[in-house]
Amino acid sequence: MSDEPQQRSQGWASREPGTGPRPDPASPAGPQTGPRPGPGAGPGAGPGAGGSDSPRKPTTEQKAKAKSKRRPRPKRTGLRRLVPTWRMLLGTVLGAALLIVGLFALGYFLVQIPSANAAAVKQSNVFLYADGSQLARDGDVNRENVALEHISKDAQHATLAAEDRDFYSESAIDPKAMLRAGWNTVTGKGRQSGSTITQQYVKNYYLGQEQTVTRKVKEFFISVKLDREKSKDEILEGYLNTSYYGRNAYGIQAAAQAYYGVNARDLTVGQGAYLAALLNAPSEYDVIAHPENRAGALARWNYVLDGMVKQKWLTRAARAEVTFPAPHQAKGSAGLSGQRGYLVQAVTAYLTSHRILDEDTLTRGGFRITTTLQKPKQDAFVKAVNDQVMDQLDKKNRKVDTYVRAGGVAIDPSSGKVLAMYGGIDYTRQYVNNATRRDYQVGSTFKPFVFASAVQNGSLTQDGRTITPNTVYDGTDQRPVQGWNGSGYAPENEDGESYGDISVRTATDRSVNSVYAQMAVDVGPANVERTAVALGLPAGTPDLTASPSIALGPATASVLDMAEAYATLANHGRHGAYTLVEKITKDGSESVPLPAEDSAASDRQAVSREAADTTTDMLQGVVDGGTGQAAQNAGRPAAGKTGTAEEDTAAWFAGYTPDLATVVAVMGQDPDTGAHKSLYGALGQARINGGGYPAQIWAQFTQDALEGTDVADFDLQLQPGAEEPEEPAWDPSASESPGGPDGGTVNGGQDGYTQGGVGGSRPAPTHGRTPGRGQGREPDHGRTGGAGGGAGRTGGSGTGTPGGTHPGGTRTGGTTTGGGATGPTTAGSGTTGTTAGPGTTQGTGTGTTTGPTSGLTPRSRH
């Protein structure tokens, strides 16, 4: 064997650079000749020098060459190209899954639970009478939210049986139901929702009813999120309060009232199942409105009951006993027609003005407001106005009758609660509430405030005499007031009547302007104003100004304001701010705090008891023998005052018994323009005055409102000197006509005296008088002692005993003459009135007249 290196076999793979033995540089570079070495020859053939017979492993290059020599894979041809491989399918599924998960996550985080839509949160405010019966609802949406515990379990289960039987166990989304509903819709089996209760609630409360892809996507994500954030009970409560049941009823509470007149908590199994059936087709399944659909409604009702049995919410035995509960007759929306609108308006104004609820909060609704109004008294007020005025109008033949309006308020003096209110002809025909408006003069109903202020302030006349009911004033017509630093003021008495010297009591009976204007100056107009405000008139009452004219009532306080002030007088001078609200709840449970009843602002002594009670004593005389005698028909001890606005645009009667203070006004208003109109000729009468129709309404209402209650007498503590008459010098030539302000005959002169009495005559009653408590009658100044009656202002003739008791002496009857339309004539001769003892008077006589007695009917005093 040669020692020279062997030639490399051509079949070997080339070595990597830098590996293996290098050739000898001296060997020839050209190709070698000679025989090809056998396998395994040459260096490196084996571990030893001599090599090995074992096969050598193929190199990488050899593998590549071998692979390239293999047969190529055939290409996919024909339809096979359209069939995806399993790798493609797997990749597509995984990619789609990842995409869906990503989109779901994105949607979940992007779609937030929004605020409730406006339609969902807008509710009616429910107004109730004091006994809990419904007065009215405001707003266009008939909805009242209630807590789930205030909905009967039967009604809850019926709803679940109708809409979502697996509600408490399933998730917010039911894919199977959605697919089933979609398939049924596509195949013509009818449109179906497929939505869970959660989805329906989301649609009702957060979104809307539009059928769009966007809304459905939002509904999906909000439902999932809501199901994680709220309990099932909360979602069910929301659903029941937002679902529509037909008859403009949103929510199960409104539906329970609309169909069965009950609260949701009192729904029976049958009633709850019917309401649940309505959810599927509210209008269609109303068997009253659509009797032709009764079969379909019954089928749905039975489906609900069967579902309750299947879910074990109802036994089969109980199911067999359930009969279909026919709903009530369909009615229009409660609305605000008639008196309802006025009452709601007054209550709303009370809540906002007293800052119990602000206007925005109240507008959003959902409040259940129990008022102080008593339905029997409210009905009695409406009836009295209709009987005495509205039913007597002849609008076809008397245009002035179209102007006639009325307003009234009744208050419990002891509590300040408004018990009844008459606001006008109809809220839908006249928006302004006649009971709360402040644009008509109160007239002579203001005069008692002047006297109460005189007693409260211990006021004196210009010549230093204490002002009491018996203080004498000059009642001459257009007498200039004395002691006033302003411009001259000489008010005119009604019809220009002059009375000469006259007591405050008589001046009150006849509503003499010249006396009260002077008294206002003696008291101080500013003091009078303060007293009126303390009694209950608002400080900002229009035309309530500190001047002598304040006594004549130019102020335009409302009927409600005047009722509050007169209630203070009835309550012995203790002012309890009026209230219209007993209780307020939100969504059936949350209570809204009301002002403290015992706060200083609402319960205080406005004037002394002596000031209030002495005023009451004097006002009893107005009813017993003055311009307010029509109020006697109430059959109760009463005190009151008549009043008439300038140009007879309004006539008032303000009065009270120990139990009830009521003010009534009859007003004139153009129905088209709202302008004030005079009432001359209305109801066929020459004039409308406070002693006429307002007093008649007052009497009927008071009698009906207090029916069945004990008759209470006034318990009065009078000011010193109130029971000691001061006899003025009597001038027989002075006119004693009853035609002063608020004087004359009923419906004839202003605020007339009588209506002919009972059976043509009426002796002066002594309502509220305690025999022997005080002195005898006040000076009669020519009044007859007999019984007189008749209507009209013509003179008459008669015989009688004027009587009249005076300390330490007697008065002899005599003859007085007068006549004509300006003053009735009485010719009397009678026995001497003798004093039988302190506080009593005896006298005899008879009298017959064709008109009212000259002067006022005598009456006993405390």
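We use all heavy atoms of the structure for the numbers below, so side chains are in, but hydrogens, waters and symmetry mates are not. Along the sequence shown, the residues carry numbers beginning at 1.
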Taking all heavy atoms of [X] and all of [Y], pick out the closest pair and write down the distance.
X    : Y    : result
I550 : P525 : CD1-O, 4.2 Å
D509 : G621 : OD1-C, 3.4 Å
F449 : A565 : CZ-CB, 3.6 Å
V409 : A563 : CG1-CB, 3.9 Å
A520 : P548 : CB-O, 4.0 Å
K447 : A551 : CG-O, 3.2 Å

Within this structure, what is the [atom1]-[atom2] distance for the pair [X] and [Y], rounded to the nearest 0.5 Å?
X    : Y    : atom1 : atom2 : result
Q456 : N527 : CD    : CG    : 9.5 Å
Q620 : R505 : CD    : CZ    : 9.5 Å
F451 : L619 : CZ    : CG    : 9.0 Å
K641 : Y566 : NZ    : OH    : 7.0 Å
I411 : L560 : CD1   : CG    : 5.5 Å
S558 : E564 : OG    : CD    : 9.0 Å

Within the distance-only criterion (no hydrogens, no angle test), does the side chain of [X] pair as donor or acceptor with the backbone N or O of [Y] below 3.5 angstrom?
X    : Y    : value
T649 : L679 : no
S353 : Y350 : yes
T372 : K417 : no
Q605 : H572 : yes
Q632 : D624 : yes
W652 : Q441 : yes
S511 : T508 : no
D613 : Q717 : yes
S514 : T476 : yes
R636 : L706 : yes

All ring-ring contact (aromatic ring centres under 6.0 Å, His included) counterparts of [X], not counting sequence neighbours:
X    : value
Y473 : none
F701 : F381
Y516 : none

Any heavy-atom pair between the side chains of [Y] and [X] that's under 4.5 Å?
X    : Y    : answer
D474 : D501 : yes
I502 : V515 : yes
V607 : L535 : yes
T466 : T471 : no
E497 : D477 : no
D387 : Q700 : yes
S498 : R479 : no

Under the rule for side chain to side chain donor-acceptor pair (under 3.5 Å), what residues qualify as partners of [X], not counting sequence neighbours?
X    : result
N433 : none
S453 : N457, T531
Q462 : D522
R438 : D561

Which pairs, with at least one residue in residues 572-581 and sequence neighbours excluded, count as a salt bridge (Lys or Arg N to Asp or Glu O under 4.0 Å)? R574-D603
Salt bridge (Lys or Arg N to Asp or Glu O under 4.0 Å) partners of residues 450-463, not counting sequence neighbours, each pair once: D463-R465
If a pair satisfies side chain to side chain donor-acceptor pair (under 3.5 Å) and one of its residues is in residues 539-554, list it, with sequence neighbours excluded. S547-S549
Residues forming a salt bridge (Lys or Arg N to Asp or Glu O under 4.0 Å) with D710, sequence neighbours excluded: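 In terms of salt bridge (Lys or Arg N to Asp or Glu O under 4.0 Å), with neighbours along the sequence ignored, D710 is linked to no residue.
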Which residues pass the salt bridge (Lys or Arg N to Asp or Glu O under 4.0 Å) test with R530, not counting sequence neighbours?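 Checked R530 against salt bridge (Lys or Arg N to Asp or Glu O under 4.0 Å); zero matches.
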Would you call D379 and K383 a salt bridge, using N to O less than 4.0 angstrom?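 Salt bridge flag = no for K383 with D379.
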Dump the intermediate steps for side-chain contact (heavy atoms from CB on, under 4.5 Å) on V623 and Q629, then the final yes or no. CA-CA 5 Å; V623 174; Q629 291 187 53; over 6 Å; no
Side-chain donor-acceptor pair present, [X], [Y], cut-off under 3.5 Å:
X    : Y    : answer
E494 : N513 : no
Q482 : Q518 : no
Y656 : T616 : yes
D617 : T614 : no

Could you go through the side-chain contact (heavy atoms from CB on, under 4.5 Å) check for I467 and V523 one step at a time? CA-CA 9 Å; I467 299 176; V523 176; 4.2 Å; yes
In sequence, state the C-alpha distance, the side-chain angles, and the governing distance for N571 and T568, and then conclude on side-chain hydrogen bond (donor to acceptor under 3.5 Å, both in side chains). CA-CA 5 Å; N571 196 35; T568 304; over 6 Å; no
Decide side-chain contact (heavy atoms from CB on, under 4.5 Å) for V385 and V664; before the verdict, give the C-alpha distance in whole Å, the side-chain angles of both, and the deciding distance to 0.1 Å. CA-CA 9 Å; V385 174; V664 179; 5.8 Å; no
Derivation and outcome, side-chain hydrogen bond (donor to acceptor under 3.5 Å, both in side chains), residues T657 and D659: CA-CA 5 Å; T657 69; D659 307 306; 4.5 Å; no
Can you check side-chain contact (heavy atoms from CB on, under 4.5 Å) on L419 and L660, steps first, answer last? CA-CA 9 Å; L419 305 180; L660 191 64; 3.8 Å; yes
Which is it for N633 and Q703 under the side-chain hydrogen bond (donor to acceptor under 3.5 Å, both in side chains) test, yes or no, and what are the steps along the way? CA-CA 8 Å; N633 293 329; Q703 182 181 47; over 6 Å; no
